[in-house]
Amino acid sequence: MSGDSEKYWYNLTTGQVERGFESPAVDRAGPFETEDEARRAPDILRERSRAWAEEEARDDSWGPAGRGGASGDADGDQ
């Protein structure tokens, strides 16, 4: 993992881009390949979070019952 020490990180506390392990792990997001990518970390993290939430919602609602269709589930019958 020594390669990560040469990559760029976004400090979640200060909002600064760092190279290597300058701050505690709990304060860092990354690693990122470039300084510019690390600078865009808040946007990248927001986008990834949105995509993961959408994927999770799709996984949770697979099949007809989750899409508001017919349900074979006794709890969903009215």
Side-chain angles (χ1 to χ4, degrees):
M1 283 210 189
S2 61
D4 286 349
S5 67
E6 296 301 315
K7 293 188 179 182
Y8 295 91
W9 301 81
Y10 181 81
N11 186 306
L12 298 166
T13 302
T14 66
Q16 299 297 310
V17 173
E18 302 173 350
R19 183 141 191 199
F21 303 131
E22 293 181 29
S23 58
V26 69
D27 293 332
R28 291 191 317 258
F32 297 95
E33 293 297 323
T34 67
E35 185 175 358
D36 183 56
E37 187 180 19
R39 192 173 289 111
R40 295 183 300 112
D43 294 332
I44 292 169
L45 296 173
R46 248 188 315 277
E47 176 59 27
R48 288 178 184 167
S49 180
R50 183 196 58 77
W52 289 330
E54 288 176 2
E55 181 178 335
E56 189 170 279
R58 280 192 307 274
D59 289 347
D60 288 347
S61 67
W62 69 276
R67 293 194 181 103
S71 173
D73 182 288
D75 294 330
D77 293 341
Q78 293 181 346

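Here the structure is a predicted model, which means the values were calculated and not measured. Just so you know, residue 1 is the first one in the sequence shown, and it goes up from there.
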Between CD on residue E22 and OG on residue S5, distance to nearest 0.5 Å: 11.5 Å

Check: F32 and I44 side chains under 4.5 Å, non-hydrogen atoms: yes

Neighbour count above 12 (heavy atom, 6.0 Å) for E56 CD: no

Heavy-atom closest contact (A38 atom, Y10 atom, distance): O-CD1, 3.3 Å

Partner residues of R40 under the side chain to side chain donor-acceptor pair (under 3.5 Å) criterion, sequence neighbours left out: none

W9 vs D4 side-chain heavy atoms within contact, under 4.5 Å: yes

Heavy-atom pair of closest approach, residues G20 and R28: O-CD, 4.3 Å

Partners passing side chain to side chain donor-acceptor pair (under 3.5 Å) against E47 (at least two apart in sequence or in another chain): R50

For E37, side chain to side chain donor-acceptor pair (under 3.5 Å) partners two or more places apart: none

Salt bridge (charged side-chain N to carboxylate O under 4.0 Å, His left out) partners for E35, two or more places apart: R39

Salt bridge (charged side-chain N to carboxylate O under 4.0 Å, His left out) against E33, all qualifying residues, sequence neighbours excluded: K7

Any residue meeting side-chain contact (heavy atoms from CB on, under 4.5 Å) with T13, in chain and number order, not counting sequence neighbours: N11, D27

Contacts of type side chain to side chain donor-acceptor pair (under 3.5 Å), residue D43, not counting sequence neighbours: R46

